[in-house]
Colleague: 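Right, I'll just put the structure down here and ask away after.
These numbers come from the heavy atoms of this one structure, side chains and all, not from hydrogens, waters or symmetry mates. The first residue in the sequence is number 1, and the count goes up from there.
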Amino acid sequence: QVQLVESGGGLVQAGGSLRLSCAASGPIFSRYVIGWFRQAPGKERVFVGAISRSGGSIYYADSVKGRFTISRDNAKNTVYLQMNSLKPEDTAVYYCAVRRDYSDIYYTASSSDYGSWGQGTQVTVST
């Protein structure tokens, strides 16, 4: 079973940048689509983006398109979320997760398609 650990969160001013990492254990990391989600206080967990197994295809939520970039390094068992031009509304706990099956379907946004959630990392964007 894959286990995921997010890191890189913190406090940043609006307009700033952060890079989150999602480190995975297990030898078959490259067989999984990885998704990023976020959950603001009092709100549901929502999709941020997902990356295909090879890293060659990425799907973003409209709210982050053009500002966030997802990449992966399968040799390091790590997926990254580069966040630029951050806004206060980006404040949330950010989670990574693996797609439950071994398909390369990266273009769906349902959290029910994902599992093995990490513990999350807090991102706070101040005005």
Side-chain angles (χ1 to χ4, degrees):
Q1 177 128 4
V2 174
Q3 292 184 317
L4 304 175
V5 178
E6 302 93 339
S7 62
L11 174 64
V12 64
Q13 287 189 326
S17 299
L18 281 174
R19 189 177 81 155
L20 307 185
S21 297
C22 171
S25 62
I28 55 173
F29 174 74
S30 62
R31 295 176 67 178
Y32 290 102
V33 165
I34 304 295
W36 282 98
F37 292 77
R38 65 187 182 185
Q39 187 168 18
K43 297 188 177 180
E44 293 185 351
R45 190 172 299 185
V46 298
F47 177 78
V48 173
I51 188 166
S52 64
R53 293 180 296 191
S54 69
S57 298
I58 306 165
Y59 175 58
Y60 296 101
D62 287 343
S63 59
V64 306
K65 201 174 294 182
R67 300 188 299 122
F68 290 11
T69 302
I70 299 174
S71 60
R72 70 189 295 165
D73 185 339
N74 285 339
K76 295 183 178 179
N77 279 13
T78 303
V79 171
Y80 304 98
L81 177 64
Q82 176 67 44
M83 305 185 295
N84 298 328
S85 302
L86 283 162
K87 304 175 181 180
E89 52 263 43
D90 294 318
T91 295
V93 178
Y94 283 72
Y95 300 89
C96 60
V98 298
R99 188 175 172 89
R100 294 182 184 275
D101 56 29
Y102 289 113
S103 74
D104 206 18
I105 298 174
Y106 60 92
Y107 43 83
T108 60
S110 174
S111 60
S112 63
D113 291 331
Y114 291 83
S116 299
W117 297 87
Q119 84 290 347
T121 186
Q122 175 71 48
V123 171
T124 303
V125 184
S126 63
T127 56

Colleague: So with a 6.0 Å cut-off around NZ of K65, is the heavy-atom count from everything else above 12?
Modeller: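 Atom NZ in K65 is crowded, with more than 12 foreign heavy atoms closer than 6.0 Å.
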Colleague: Which ILVMFWY residues can you reach from F37 by hopping between side chains whose heavy atoms are under 4.5 Å apart?
Modeller: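 Once heavy-atom contacts under 4.5 Å are chained together, F37 belongs with V33, F47, Y59, V93, Y95, I105, Y106, Y107, Y114, W117.
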Colleague: Between K87 and D90, is there a salt bridge with N-O shorter than 4.0 Å?
Modeller: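 The answer is no: the pair does not qualify as a salt bridge.
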Colleague: Side-chain heavy atoms under 4.5 angstrom apart, residues restricted to Ile, Leu, Val, Met, Phe, Trp, Tyr: same cluster for Y80 and W36?
Modeller: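 No.
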Colleague: Report the distance from atom CD1 of I70 to atom CG of L20, rounding to the nearest 0.5 Å.
Modeller: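 Rounded to the nearest 0.5 Å, the CD1-CG separation comes out at 10.0 Å.
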Colleague: As an exercise, state the distance from CZ of R31 to OH of Y102, rounded to the nearest 0.5 Å.
Modeller: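 Result: 5.0 Å between the selected atoms.
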Colleague: Looking at every heavy atom in both N77 and S25, which two are closest together, and how far apart are they?
Modeller: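 N77 and S25 have their closest heavy atoms at ND2-C, 4.4 Å.
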Colleague: Show the nearest heavy-atom pair for residues Y32 and D101, with the distance to one decimal.
Modeller: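 Closest approach of Y32 to D101, heavy atoms only: CD2-O, 4.3 Å.
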Colleague: With rounding to the nearest 0.5 Å, note down the distance linking CG in N74 to CD1 in I34.
Modeller: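 Reported value, rounded in 0.5 Å steps: 8.5 Å.
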Colleague: Take atom CD of Q1 as the centre, draw a 6.0 Å sphere, and report whether it contains more than 12 heavy atoms from other residues, nucleotides or ligands.
Modeller: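 Incorrect, the count does not exceed 12.
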Colleague: So do the side chains of R38 and V46 get within less than 4.5 Å of each other, counting heavy atoms only?
Modeller: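 The answer is yes, as the side chains (C-beta and beyond) meet within the 4.5 Å cut-off.
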Colleague: Between side-chain atoms of residues 2-17 and protein atoms elsewhere (two or more places apart, or another chain), which donor-acceptor pairs fall under 3.5 Å?
Modeller:
residue	atom	partner	partner atom	Å
E6	OE1	Q119	N	3.0
E6	OE1	G120	N	2.8
E6	OE2	C96	N	2.8
S17	OG	N84	OD1	2.9

Colleague: Evaluate the side-chain proximity of S21 to K76: yes if any heavy-atom separation is below 4.5 Å, no if none is.
Modeller: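 With C-beta onward as the side chain, the pair stays apart.
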Colleague: Taking all atoms of both residues into account, what is the closest heavy-atom pair of A97 and G115, and its distance?
Modeller: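 The answer is CB-O, 3.4 Å.
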Colleague: How close do T69 and Y60 get, heavy atom to heavy atom, and via which atoms?
Modeller: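 That closest heavy-atom pairing would be CA-OH, 3.2 Å.
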Colleague: Say you draw a straight line from CD of E44 to CD of Q39; how long is it, rounded to the nearest 0.5 Å?
Modeller: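 Taking CD in E44 and CD in Q39, the distance rounds to 8.5 Å.
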Colleague: Would S110 and S112 count as having a side-chain donor-acceptor pair, cut-off 3.5 Å?
Modeller: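 Yes, side-chain donor-acceptor contact under 3.5 Å.
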Colleague: What closest approach, in Å, do T78 and F29 show between heavy atoms, and which atom pair accounts for it?
Modeller: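 Between these two residues, the closest heavy atoms are N-CE2, 3.6 Å.
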Colleague: So, for R53 and S30, which heavy atoms are closest and what is the spacing to 0.1 Å?
Modeller: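 Shortest heavy-atom contact: CB-O, 3.2 Å.
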